[in-house]
Amino acid sequence: MDAQDVGRILEETAVLLELKGENPFKARAYANAGRVVRGLLDDINQVVADGRIGDVQGIGKTLAHDITELVTTGKMTVHEELRRLLPAGLLELTTLSGLGPKRIKAIYEKLGVTNVGELEYACRENRLASLEGFGEKTQQNLLSAIALREKHRERHLYHHAREAADGLVAVVRQRPDIACAEVAGSLRRHCETIRDIDILASAPASARKSIMEMFVSQPELEAVVARGETKSSVRLRNGMNADLRILDDVEYPYALNYFTGSKEHNTVMRARAKERRLKLNEYGLFRLDGEGCVACRDEPDIYRALGLAYIPPELREDMGEFEAAQRDALPHLVERGDIRGMLHVHTTASDGVNSIEELVTAARSMGMSYLGVCDHSQSAAYAGGLPPERVRQQWEEIDRINGKLDGFVVLKGIESDIRPDGSLDYDGELLSGFDFVVASIHSKLKMTEQEATERILRAIRNPAVSILGHPTGRLLLAREGYPVDLRAVIDEAARLGVAIELNASPHRLDLDWTWCKVAKAKGVKIAICPDAHSAADMRDIDIGVALGRKGWLEAGDVLNTLPVSEFREAITRRG
DNA sequence: GCCGTTTTCGGCCCGACTGTTTTCAGTCG
């Protein structure tokens, strides 16, 4: 059991406690413990084994006992009891926007609603409107929230799919008779949300039956949907479907290309083949006149045969990649190793779980040469935003730390709230003391497009602002972003020399990859930032890079690939 | 449930918004 598992169960316990109507502070203690556990730098199993878990700030006697029980037995009594007491469907109700623990408790107790389906039915029967504390509008809003959820029902966030898929591929690769195995489909194309996991493997026909046997009998499966010698489908415990296809070595590159897609990309590929009197499908590239097929050892061979430079999977959306490949003008996509600065990282000063020094250690181990601390600003009171005097304290701390560091720099940043009128919540003097300012919207999200756009434009015109944070505020599969005229924002950012964030949190991935290309074309630099609230979250930078690549970004388009001296220059140029 | 202490209880994050009410509870960030 790892820290993420423990964190998840602690957080679920917190939600269940709230639903039960327990002391909200008790619930918060569990939620907080979950967060703290996820941020532990040492292995949780080791910390528990050493008896050090109770020494961790935020974990007292009871939680130390509960966590120890969980780590050693895989179960936690408090959690088990709560799950026995409350219908499992109540948990999913908490994912609906506008519905918190109090209201869920009310509809459960007064209307007997135990899951989303029953809630929808109750709304349609107009039973919520007559419930005390509820009304017509709330009922309508809940129906909209359910509809939004329905729309995203079968999709999953990139990092969840990635983790599950990598695990499955590792299992398949353990078999010595497997020549190749990799993830195909939308995950290979770095799409931000994924429906199914597609895995392709090549193995001799004689070995396929036993490989499939092994695949469908893994313990992590919820159900086996289909099982055959060339294709099996399974449903994972996390609700995802995963397909494994096994082919022979000769077919493998064609199948990999076909099952990676996108559908639109494949259509163009087949058309190009046809122009060359060839036929492309998942089994090969066949000659239409004469016989036989064009032998391709790998995907680059296929592209070459069609007169194209090799197109990386993440660009295969039929969004300009063919024209570029034909002219041999494909971008040299940014790589994780190009990133030198870890920007937009929260510390214990606001709502992060690690200290600056801990974050420095982690960032260095990830090959970074600078860290941009960005806690919340003062109006984000919910997140422990920093009033001016605490900002100055943090600056002193950063100076102290920098004095001890060699070959690494901590930069003084802030994630400054953009107020509804577009102003920032510190005065100009304080703002000018930061090395850089990320300006983000966190409140009053319901705006017309015009309001949102003007609010953002005014914010980035503030000369202190270097980076516009998560520009649409979207939460993938959960909340649409505010409507904003991104073209106008990008144009203004280009004029001013302000960078735009590609927030690498797998829940945001905002700026959307489709707009990265637009920003790049206008010369707007993109800052790929993890928006990390712990040292572990900094690994999300990988996801940000994956999406940046999908958005055609090259190292030169990404602000934090610059060495620190050039980074400083780039962000102070606007004075 | 955790923490800190003027140590064994009292406070714990808070301001804005929404939709309900007719002064405020619930939710959100």
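Just so we're on the same page: letters track the sequence lines, and every chain starts at 1. What you are looking at is a predicted structure, and each value in this text was computed from that prediction instead of being measured.
- Taking atom CZ of residue F25(A) and atom P of nucleotide dG1(B), one finds them 14 Å apart after rounding to whole Å.
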Report, as a single string ordered 5' to 3', how protein heavy atoms within less than 4.0 Å touch nucleotides 14-26 of chain B: B base, S sugar-phosphate only, - not at all. B--S-SS-----S
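- With rounding to whole Å, D417(A) atom CG is found 14 Å from dC13(B) atom C1'.
- Contacts classified as salt bridge (charged side-chain N to carboxylate O under 4.0 Å, His left out) and involving residues 101-123 of chain A (residues at least two apart or in different chains) are given here: K105(A)-E109(A), E120(A)-R124(A).
- Shown here, dC17(B) forms a base pair with dG26(B); the pair counts as Watson-Crick or G-U wobble because both key distances fall under 3.5 Å.
- Evaluation of the salt bridge (charged side-chain N to carboxylate O under 4.0 Å, His left out) test over residues 448-458 of chain A, restricted to residues two or more places apart or in two chains, returns D421(A)-R458(A).
- With sequence neighbours excluded, the residues forming a ring-ring contact (aromatic ring centres under 6.0 Å, His included) with H470(A) are H442(A), listed by chain and number.
- Pairs of residues two or more places apart, or lying in two chains, that qualify as salt bridge (charged side-chain N to carboxylate O under 4.0 Å, His left out) and include a residue from residues 33-44 of chain A are E11(A)-R38(A), D42(A)-R52(A).
- In terms of the side chain to side chain contact (heavy atoms under 4.5 Å, CB included) criterion, residue partners of E492(A) (sequence neighbours excluded) are, by chain and number, L457(A), I460(A), R461(A), R495(A), L496(A).
- Atom CE of M447(A) is separated from atom C1' of dG29(B) by 13 Å (rounded to the nearest Å).
- Computed from coordinates, the E81(A) CD to dG1(B) P distance equals 13 Å when rounded to whole Å.
- I53(A) has its CD1 atom 15 Å from the C1' atom of dG1(B), to the nearest Å.
- Going from atom NZ of K61(A) over to atom P of dT8(B) covers 18 Å, rounded to whole Å.
- One atom, CG of L16(A), and another, P of dG1(B), lie 15 Å apart when rounded to the nearest Å.
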